[in-house]
Amino acid sequence: MTSHATEAALESLLNRAFQATRTGDRWTTGTDEAWCRVAPRSATRRDQGWKLHLSATAASAPTVLVRALDVLLPDTSAFKFARSLDQVSTLNSRATPRGSSGKFITVYPRSDADAVRLARELHAATAGLVGPRILSDQPYAPYSVVHYRYGAFTGRQRLSDQGLLIWYIEDPDGNPVEDERSGRYAPPPWAVCPFPATVPLPPPAAEAASGPVLLGGRFAVREAIRHTNKGGVYRGTDVSTGAPVIIKETRPHVEGDASGRDVRDWLRAEARMLDRLKGTGLAPDALALFEHGRHLFLAQSEIPGVSLRTWVAERFRDLGGGEYRREALALLAGLVDLVEAAHAHGCVLRDFTPGNVMVRPDGELRLIDLELAAEVTGSCLPTRVGTPGFSAPERLRDAPVSVTADYYSLGATACFVLTGKVPNLLPEEPATRTGEERLASWLGACTGAAKPPDAVTEMITGLMKDEPAARWDTRRAREALRAPDTARPTRTAPARAARGEELDDAVAGLVNHLLDTVTPGDDRRLWPVSTASGETNPCTVQQGAAGPLAALTRYFELTGDPRLPEVLAAAGHWIADRTRPRTIRPGLHFGDLGTAWALYDTGRALADQALIDHALTLALTPQEPTLHHDITHGTAGSGMAALHLWQRTGDPRFAALAEDAADRLASAARRDPSAVSWPVPAEAVSGEAGKQYLGFAHGSAGIGCFLLLSAAASGRQDHLRLAQEVGEHLLRSAVRIGEAAQWPAQAGDEPTAPYWCHGSAGIGTFLVRLWQATGDDRFGDLARRSAPAVTERASRAPLSQCHGLAGNGDFLLDLSAATGESAHHTLAEAMGRLAVTEGARRHRHLVFPNEYGDVSTSWSDGSAGILAFLLRLRHPSSRHWLAQLPG
């Protein structure tokens with residue numbers, strides 16, 4: 001049944017219920033992509049209170065809805081339900097966040113008394129029907145599909161201290177409190193529960209117990225490895241033998257299909273496959289399959305070592321690119337052998353990924369998580385579940401079981417081992433290039449130690465061919481690994497710069513995308529952005545309209561494209577209309593100062609005095625008090641914006657604001673014998689108290705950079721000395737691996753990825769300017785050593801400014817401009833070429849995936865930040881969101 005048909009089927013049940021109860025004229029209805037909303041014409045909804053949720057499976061949803069409507073339509077409380085069976089399946093997916101899973105129907109009772117009555121009636125009406133337990137709620141009775149929790153009824157949102165929009169409720173004194181939607185029932189302490197006490201359910205998982213847990217009468221749980229919607233994975237001990245074990249848990253009705261099968265059936269299938277492979281040495285031994293509180297558990301022997309995904313990250317971090325390449329090439333033969341051996345024992349893996357392979361301490365490889373595995377000639381559970389990037393395209397369409405799908409996964413895993421990722425090649429429109437052509441282009445753009453030998457590139461693309469029948473098998477893959485060029489000593493390939501026409505085409509496609517997706521008539525968002533990591537103010541730099549506005553303004557300044565003035569003016573005034581606060585939030589990326597910066601530059605480019613005046617008024621509006629010191633959220637970011645506006649306008653009020661910000665940072669600095677830092681205050685961010693970050697976005701490098709630029713403009717030697725102290729601390733905190741300089745997120749930790757946010761690209765951005773200002777070659781040397789760190793990780797990087805190729809490439813351009821060394825510019829061009837090969841052509845547009853696989857236009861993780869970098873490659877210009885060093 002198509003999605004359209006399932007939508008019609010569920011909505012038709014509502015229409016039939018209206019006719020049967022003769023209540024249709026009492027209700028209004030509305031739909032969006034996910035929900036059908038039903039509200040009484042004559043009633044008003046409360047802002048918050050006790051609300052009800054009903055769960056269902058794809059099989060039970062129509063019956064649950066019909067019986068619930070029999071209760072709800074004669075009443076007067078608003079409600080909503082998932083619009084399609086596909087949406088029900090999504091709500092029950094193993095990948096759905098635990099705090100929002102299972103909520104098929106939501107009811108907003110008009111009073112607590114109504115909540116209690118409706119819960120009782122709905123429970124009676126749906127008795128015997130099934131649905132997953134809703135982890136954020138309390139079940140009305142054991143194993144009932146009716147649940148309740150205290151929370152928001154209306155969509156009230158506010159900005160958190162982190163700059164994210166959150167749902168909130170109010171405490172009895174009227175103070176806003178976040179309406180947390182976590183995977184456990186936790187009503188606010190002041191909300192008195194009106195529901196009758198019920199017999200408590202068994203703990204939903206071993207996580208719920210406060211002390212040691214014995215499962216199956218035999219397995220003692222030591223710790224949780226992870227919790228997902230489908231259940232937990234735990235480390236434990238077999239008390240009968242003392243041997244370490246892994247215990248996997250599955251919850252009833254999660255990932256349930258129309259036939260009633262769910263993740264428990266997958267776990268049973270995994271147990272059968274482990275029994276089939278017992279004695280082969282390929283996988284763990286199944287020890288016991290048992291139920292506890294209706295949850296199904298599988299205990300299996302623990303394989304020592306780390307997952308292949310972890311091995312790739314840790315060995316690359318510890319060895320550096322060249323030495324890692326030697327080990328990675330040697331590992332590929334083991335992967336081929338592993339897949340071939342599984343097939344020889346009648347096992348098609350169906351989910352062969354770096355997360356499902358263990359690397360033992362002796363280097364041997366083993367298979368784990370065989371829940372999707374199937375017999376070569378046997379029946380299996382139908383499923384479209386898989387791992388994007390690693391599962392063959394036909395596997396995600398539930399094609400019949402075939403070893404050719406495992407060949408695709410083997411190629412993707414080999415690609416991941418050598419390069420650090422599998423590129424996310426979004427669908428193109430029209431699809432004029434095959435997937436293997438695009439993959440070959442990306443592999444060809446990899447540079448240095450990440451570039452596979454020619455025979456291995458041919459092997460990867462051969463295994464990952466679009467047509468299943470054309471894919472290489474394991475015999476041919478093994479022959480490729482024996483080719484002479486894979487056995488020779490590593491000679492890293494030089495970077496090849498992107499051709500000018502490649503970059504020009506990419507810039508044109510990005511600009512077209514931004515021009516064609518702007519929506520001035522939308523009151524909520526001016527450009528489409530991803531909210532996978534949280535929703536921000538729609539006007540800010542980070543994920544709001546200021547980022548695309550800034551990138552397009554720079555494009556107009558450099559090219560004079562006549563299409564831009566009308567769009568820029570409309571966008572600028574859209575933002576201006578929504579930024580008229582009495583006080584503004586500090587910070588450059590999450591606060592209002594970055595928005596003022598973008599508006600001023602756009603107004604200046606268009607000679608639009610109204611925009612200029614609004615930007616200056618916004619920037620001079622009193623700021624809310626802040627405990628944050630950093631660039632993105634705090635004082636350093638506010639100061640950077642003030643400094644930029646001072647340099648642009650000469651207005652002494654901005655000079656005073658910048659100097660005041662530097663003074664406040666100087667007062668807040670914590671000094672000890674080895675470091676100067678700005679620890680995160682306990683009141684600022686939950687869970688972050690006391691952390692002393694080194695990076696540009698949230699730590700001392702960004703703060704030091706502002707202090708340096710401020711001192712260069714104001715002549716304040718005390719601020720310059722403080723910036724130099726930051727530089728000295730970064731010198732001592734650097735970790736040198738080969739020629740590369742890397743940094744941990746906090747001093748003393750393991751080095752982190754070398755991005756703008758926390759790592760070498762952001763810290764190098766500060767150090768190269770500190771070298772320019774002071775002439776101290778120690779800072780210049782360390783900035784140069786940051787370049788290998790960002791270039792050798794290029795193939796592993798996402799594409800973004802915050803942590804990816806765009807931010808890394810901008811640092812290389814800074815380094816080239818400061819040193820006059822063209823090699824850094826060539827490396828940046830190679831990085832641009834690599835990024836462009838991951839883009840997807842969609843008619844006149846070029847779009848890129850962010851880290852979540854979404855298409856976004858934002859600065860931090862989307863096309864605006866990528867456009868800004870590619871523009872600088874073609875048109876030398878200043879770095880966005882940094883004031884300039886004089887001279």
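Residues take their numbers from the sequence shown, with the count starting at 1. Below, each value reflects all heavy atoms present in this structure, side chains not excepted, and no hydrogens, waters or symmetry copies.
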J.: Apply the test side-chain hydrogen bond (donor to acceptor under 3.5 Å, both in side chains) to residues Thr579 and His614: give CA-CA distance (whole Å), side-chain angles for both, the deciding distance (0.1 Å), then the verdict.
T.: CA-CA 9 Å; Thr579 50; His614 180 81; 3.0 Å; yes
J.: Show, in sequence, the C-alpha distance, side-chain angles and deciding distance for His513 and Val855, and conclude whether the side-chain contact (heavy atoms from CB on, under 4.5 Å) test is met.
T.: CA-CA 11 Å; His513 178 59; Val855 174; 4.0 Å; yes
J.: Is a donor from one side chain sitting under 3.5 angstrom from an acceptor on the other, for Ser800 and Asp861?
T.: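 Asp861 and Ser800 do not have a side-chain donor-acceptor pair below 3.5 Å.
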J.: Show me, pair by pair, the donor-acceptor contacts under 3.5 angstrom made by side chains of residues 427-435, not counting sequence neighbours?
T.:
| residue | atom | partner | partner atom | Å |
| --- | --- | --- | --- | --- |
| Glu428 | OE1 | Arg433 | NE | 3.2 |
| Glu428 | OE2 | Arg433 | NH2 | 2.5 |
| Glu428 | OE2 | Arg841 | N | 2.9 |
| Thr434 | OG1 | Glu437 | N | 3.1 |
| Thr434 | OG1 | Glu437 | OE1 | 3.4 |

J.: How many angstroms lie between OG1 in Thr559 and CG in Leu871, if you round to the nearest 0.5 Å?
T.: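 Reported value, rounded in 0.5 Å steps: 8.0 Å.
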J.: Does a donor on one side chain sit under 3.5 Å from an acceptor on the other, for His803 and Glu851?
T.: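 Yes - a donor-acceptor pair under 3.5 Å links their side chains.
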J.: Please report the closest heavy-atom contact between Phe654 and Leu645, naming both atoms and the distance.
T.: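 For Phe654 and Leu645, the tightest heavy-atom pair comes out as CE2-CD1, 3.8 Å.
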J.: Hey, can you tell me if Tyr693 and His758 have their rings parallel, tilted or perpendicular (30° and 60° cut-offs)?
T.: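 The rings of Tyr693 and His758 sit tilted, inter-plane angle from 30° to 60°.
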J.: Which atoms form the tightest heavy-atom contact between Asp592 and Leu618, and what is the distance?
T.: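 Scanning both residues completely, I find the closest heavy atoms to be O-CD2, 3.9 Å.
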J.: Determine, for Glu821 against Arg784, whether the closest basic-nitrogen to carboxylate-oxygen distance falls under 4.0 angstrom.
T.: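 Salt bridge between Glu821 and Arg784, a charged N being under 4.0 Å from a carboxylate O: yes.
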J.: Any heavy-atom pair between the side chains of Leu834 and Thr447 that's under 4.5 Å?
T.: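 No, their side chains stay 4.5 Å or more apart.
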J.: Looking at Leu782, is its backbone amide N or carbonyl O close enough to the side chain of Ser786 to form a donor-acceptor pair, meaning the two atoms are under 3.5 Å apart?
T.: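 Yes: the side chain of Ser786 pairs with the backbone of Leu782.
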J.: Does the side chain of His824 come under 3.5 Å of the side chain of Asp814 through a donor N or O and an acceptor N or O?
T.: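 Looking only at side-chain atoms, Asp814 and His824 do not form any donor-acceptor pair under 3.5 Å.
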J.: Heavy-atom distance under 4.5 Å between the side chains of Ser877 and Arg554, does that happen here?
T.: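 Yes. Closest side-chain heavy atoms under 4.5 Å.
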J.: Spell out, as yes or no, whether a donor-acceptor pair under 3.5 Å connects the side chain of Ser816 to the backbone of Leu812.
T.: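 No, Ser816 side chain to Leu812 backbone: no donor-acceptor pair under 3.5 Å.
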J.: Ignoring hydrogens and geometry, is there a side-chain-to-backbone donor-acceptor pair from Gln884 to Leu882 under 3.5 Å?
T.: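 Looks like yes, one N/O pair under 3.5 Å.
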J.: Is the shortest side-chain heavy-atom distance between Leu426 and Pro849 below 4.5 Å?
T.: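 The answer is yes, as the side chains (C-beta and beyond) meet within the 4.5 Å cut-off.
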J.: Could you tell me whether the side chain of Leu720 reaches within less than 4.5 Å of the side chain of Leu708, counting heavy atoms only?
T.: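 The answer is yes; the side chains approach within 4.5 Å.
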J.: Establish, for the pair Arg796 and Phe316, whether the NZ or CZ atom is under 6.0 angstrom from the six-membered ring centre and no further than 45 degrees off its axis.
T.: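 Judged by the rule, Arg796 and Phe316 form a cation-pi pair.
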J.: Would you check if the distance from the ring center of His589 to the ring center of Trp756 is below 6.0 Å?
T.: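 Yes, the ring of His589 comes within the 6.0 Å limit of the ring of Trp756, centre to centre.
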J.: Nearest 0.5 Å please: distance from the CD1 atom of Ile631 over to the SG atom of Cys757.
T.: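 It comes to 12.0 Å.
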J.: For the side chain of Thr857 and the backbone of Pro528, is there at least one donor-acceptor N/O pair under 3.5 Å apart?
T.: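 Pair found, side chain donor or acceptor close to backbone of Pro528.
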J.: Indicate the atoms forming the closest heavy-atom contact of Ala662 with Ser710, along with that distance.
T.: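 Distance-wise, the nearest heavy atoms are CB-OG, 4.0 Å.
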J.: Do Trp771 and Asp776 have side-chain atoms, one donor and one acceptor, less than 3.5 Å apart?
T.: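 Not at all, the side chains of Trp771 and Asp776 share no donor-acceptor pair under 3.5 Å.
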J.: Counting C-beta onward and ignoring hydrogens, is there a side-chain heavy-atom pair between Phe811 and Asn808 closer than 4.5 Å?
T.: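 Sidechains of Asn808 and Phe811: no contact.
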J.: Using the side chain to side chain donor-acceptor pair (under 3.5 Å) criterion, which residues pair with Arg648? Sequence neighbours excluded.
T.: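 Result, side chain to side chain donor-acceptor pair (under 3.5 Å) vs Arg648: Asp601.
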J.: Given side-chain contact (heavy atoms from CB on, under 4.5 Å), test Ile612 with Asp608 step by step and report yes or no.
T.: CA-CA 6 Å; Ile612 292 173; Asp608 186 328; 5.8 Å; no
J.: Roughly how far, to the nearest 0.5 Å, is CD1 of Ile703 from CZ of Phe696?
T.: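 The CZ atom of Phe696 sits 10.0 Å away from the CD1 atom of Ile703.
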J.: Please determine if Glu557 and Arg604 form a salt bridge, counting it only when a charged side-chain N lies under 4.0 Å from a carboxylate O.
T.: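 No, Glu557 and Arg604 are not salt-bridged.
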J.: Looking at every non-hydrogen atom in both residues, tell me the closest pair between Leu611 and Leu599 and how far apart they are.
T.: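 Shortest heavy-atom separation between Leu611 and Leu599 comes out as CD2-CD2, 4.1 Å.
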J.: Using modelled atom types and a 3.5 Å cut-off, is there a donor and acceptor pairing between side-chain atoms of Trp743 and backbone atoms of Leu730?
T.: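 Side chain of Trp743 to backbone of Leu730: a pair is present.
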J.: Please identify which of these residues, Val511, Leu514, Leu568, meets the side chain to side chain contact (heavy atoms under 4.5 Å, CB included) condition with Tyr555.
T.: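 The single option meeting the side chain to side chain contact (heavy atoms under 4.5 Å, CB included) with Tyr555 is Val511.
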J.: Within the supplied structure, the quantity of interest is the number of heavy atoms (other residues, nucleotides, ligands) at a distance under 6.0 Å from Asp454 CG; does it exceed 12?
T.: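 It does not: Asp454 CG has 12 such atoms or fewer within range.
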J.: We want to know whether Asn424 and Glu838 form a side-chain donor-acceptor pair, criterion being a heavy-atom distance below 3.5 angstrom.
T.: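 Distance-only check fails for Asn424 and Glu838.
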J.: If the plane angle is over 60° it's perpendicular, under 30° parallel, otherwise tilted; pick one for Trp881 and Trp859.
T.: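 Plane angle over 60°, so perpendicular.
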J.: Supply the atom-to-atom distance Leu805 CG to Phe848 CZ, rounded to the nearest 0.5 angstrom.
T.: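 Those atoms lie 10.0 Å apart.
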J.: Report yes or no: does Asp854 contribute a side-chain atom to a donor-acceptor pair with the main-chain N or O of Ser856 at less than 3.5 Å?
T.: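 Such a contact is absent between Asp854 side chain and Ser856 backbone.
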J.: Mark yes or no for whether Trp574, through its side chain, and Asp522, through its backbone, hold a donor-acceptor pair below 3.5 Å.
T.: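 Flag set: sc Trp574 to bb Asp522 pair under 3.5 Å.
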J.: Do Thr517 and His845 pair up side chain to side chain, a donor and an acceptor below 3.5 Å, judged on atom types alone?
T.: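 Absent: no donor and acceptor within the cut-off.
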J.: Can you find a pair of side-chain heavy atoms, one from Leu549 and one from Ile575, that are under 4.5 Å apart?
T.: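 They are in contact (side-chain heavy atoms under 4.5 Å apart), so the answer is yes.
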J.: Would you mind reporting whether Arg769 and Cys705 have side-chain heavy atoms less than 4.5 Å apart?
T.: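 Side-chain contact under 4.5 Å: yes.
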J.: Between CG of Leu813 and OG of Ser878, what distance do you get to the nearest 0.5 Å?
T.: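 So the gap between those two atoms works out to 12.0 Å.
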J.: Check whether the side chains of Thr632 and His698 place a donor and an acceptor atom closer than 3.5 Å, and report yes or no.
T.: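 Present: a donor and an acceptor within the cut-off.
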J.: Do the rings of Phe390 and Phe416 sit parallel, tilted or perpendicular, given the 30° and 60° boundaries?
T.: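 Rings of Phe390 and Phe416: perpendicular, as their planes differ by over 60°.
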J.: Hey, is the main chain of Ala636 close enough, under 3.5 Å, to the side chain of Ser638 for a donor-acceptor pair?
T.: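 Not a single qualifying donor-acceptor pair exists.
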J.: Can a side-chain donor-acceptor contact be found between Arg879 and Thr765 if the only test is distance below 3.5 angstrom?
T.: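 A donor-acceptor contact under 3.5 Å links the two side chains.
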J.: Any donor-acceptor pair under 3.5 Å linking the side-chain atoms of Thr837 with those of Ser441?
T.: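 Side chains of Ser441 and Thr837: no pair found under 3.5 Å.
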J.: So which heavy atom on Pro586 is nearest to which on Leu593, and how close?
T.: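 What the structure gives for the nearest pair is CA-CD2, 4.3 Å.
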J.: Determine whether Leu443 and Cys415 make a side-chain contact, defined as any pair of heavy atoms from C-beta on separated by less than 4.5 Å.
T.: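 Side-chain contact under 4.5 Å: yes.
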J.: If you take all heavy atoms of Ser760 and Ala741, which pair is closest and at what distance?
T.: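 Closest approach of Ser760 to Ala741, heavy atoms only: OG-O, 2.8 Å.
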J.: Whether the side chain of Gln742 engages the backbone of Ala789 through a donor-acceptor N/O pair (distance < 3.5 Å, no angle test) should be reported.
T.: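 No.
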J.: Quick check against the 3.5 Å criterion: does Gln543 have a side-chain atom that pairs as donor or acceptor with the backbone of Ser530?
T.: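 Checked: pair present.
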J.: Assess the side chains of Arg842 and Asn512: does a donor N or O sit below 3.5 Å from an acceptor N or O?
T.: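 No.
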J.: Hey, what do you get for CG (Leu606) to CG (Leu564), rounding to the nearest 0.5 Å?
T.: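 Leu606 atom CG to Leu564 atom CG measures 9.0 Å (nearest 0.5 Å).
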J.: Val529 and side chain to side chain contact (heavy atoms under 4.5 Å, CB included): which single residue from Ser858, Pro538, Ser863 fits?
T.: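 The single option meeting the side chain to side chain contact (heavy atoms under 4.5 Å, CB included) with Val529 is Ser858.
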